[in-house]
Amino acid sequence: MATTTAPGAAPQEVRPRPARPRTFSGIKPSGEPHLGTYLGAVKRWVEMQDEYDNFFCIVDLHAVTVPQDPAALRRRTRELAAFYVAAGIDTAKSTILVQGHVPAHAELGWILNCITPMGWLERMTQFKDKSAKEGDNRERISAGLFDYPVLMAADILLYDARYVPVGDDQRQHVELTRDIAERFNRLYGETLVVPEAVIAETGARIMGLEDPTQKMSKSEDLPGQAIGVFDNPGVIRRNVMRATTDSGREVRFDPSRPGIYNLLTIYEVLSGESRPAIEARFEGKGYGDFKRALADLVLDVLTPIQERSRQLLTSGEVDDILRQGAERAAPVAGATLLRVKRAMGLA
Ligand code: TYM
């Protein structure tokens, strides 16, 4: 690789550019993946993957910012990888990797820590929400939880990703990634690609089924809040039928009725039908009929994904995919890390 180095300036490298723009995104294997992660992230990745050069990550190092049972973490990491493939991520077009298999993530994370002001991290709403759950008990909040968005910035920046397809709750973290990249480039010369979040208009914030004012996530307090992508059909059907709605009857997209609005949004994203078409389909029918149709639709989508995931897990195919993914990702990440280290005088 050709480099020219002037004193005090970042080395100029002639580096091969990917033919298609890069995307990077990831999911934590800290809980079971649910319909929110599918609709806000994985389904979008599948739809976008032909146009880009994609890296989709299972971010295990992010999961351990809160305590994890080791066996469960290992199991969920494989399951999440299987889910990506079963949902339609094609390894001919996209690289699937486990974050911890590529050590450059942690190394760049450390380096970026050193240029990220504490004040920027103190403003992160997700950290504020998560740490608030521990009340005043600061012994229970890890430094990793505070520092988490810097590792996320490292994930994205290592791959020169231009686009980061995420749900709405990650917008602030991608903004921070931009700030970190811009600050690095100001301090050490143009080195890092400044990425953009790609957030869908519909489906980027799927709400919970029990409490539709809260984002869908697996919650111990509200067991029916999320539809796990690996839940069995009986559980899925029951949770959809029990979803909180209101005393109305009309099946209409009305944001002032958050329960039915959220269920309709799920229907819209899963079916790909327009809002008027969906409203026409359920005209004169009640919430019960609509919920039954929604449960059928969810099962139509998830059942084949569950079956394919099981095959990938039992055949061990998923382990080969992850091994190959790390082999493909490591040189790309390593090249960026070297660029960064050279720019800073670390190499
Ligand atoms: P995580 O694991 O919480 O969520 C993974 C992805 O799913 C989206 N998502 C949702 N979308 C719609 N409705 C919901 N209810 C819902 N819940 C989750 C999230 O917005 C996200 O896109 N910090 C990230 C993981 C990460 C990452 C990265 C993402 C680490 N490094 C680099 C992108 C790029 C996280 O905790 O996502």
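Numbering of ligands and ligand atoms starts at 1, following listing order. Model, not experiment: these values are computed from the prediction. In what follows, every heavy atom counts, from backbone to side chain, and hydrogens, waters and symmetry copies are set aside. Index from 1, following the sequence.
Sorted by first then second residue, the side-chain hydrogen bond (donor to acceptor under 3.5 Å, both in side chains) pairs that include residues 321-335, not counting sequence neighbours, are Thr95-Arg328, Asp320-Arg323. The ring pair (Phe, Tyr, Trp, His ring centres under 6.0 Å) contacts involving residues 88-125 comprise His105-Tyr159, where partners must be two or more places apart or lie in separate chains.
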Please tabulate, for side-chain N and O atoms in residues 330-338, each donor-acceptor pair with protein atoms closer than 3.5 Å (sequence neighbours left out).
| residue | atom | partner | partner atom | Å |
| --- | --- | --- | --- | --- |
| Thr336 | OG1 | Leu158 | O | 2.6 |
| Thr336 | OG1 | Val332 | O | 3.3 |

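Protein residues with a heavy atom under 4.0 Å from ligand 1 are Phe24, Ser25, Gly26, Ile27, Lys28, His34, Gly36, Thr37, Gly40, Ala41, Val59, His62, Tyr148, Met152, Asp155, Ile156, Val164, Val166, Gly167, Asp169, Gln170, Gly203, Ala204, Arg205, Ile206, Lys215, Met216.
Ring pair Phe146/Phe127 is perpendicular by interplanar angle, where above 60° counts as perpendicular and below 30° as parallel.
Looking at every heavy atom in both residues, Glu210 comes nearest to Gln225 through N-OE1, 3.0 Å.
Residues Val193 and Tyr163 are members of separate hydrophobic clusters, defined by side-chain heavy-atom contacts under 4.5 angstrom among Ile, Leu, Val, Met, Phe, Trp and Tyr.
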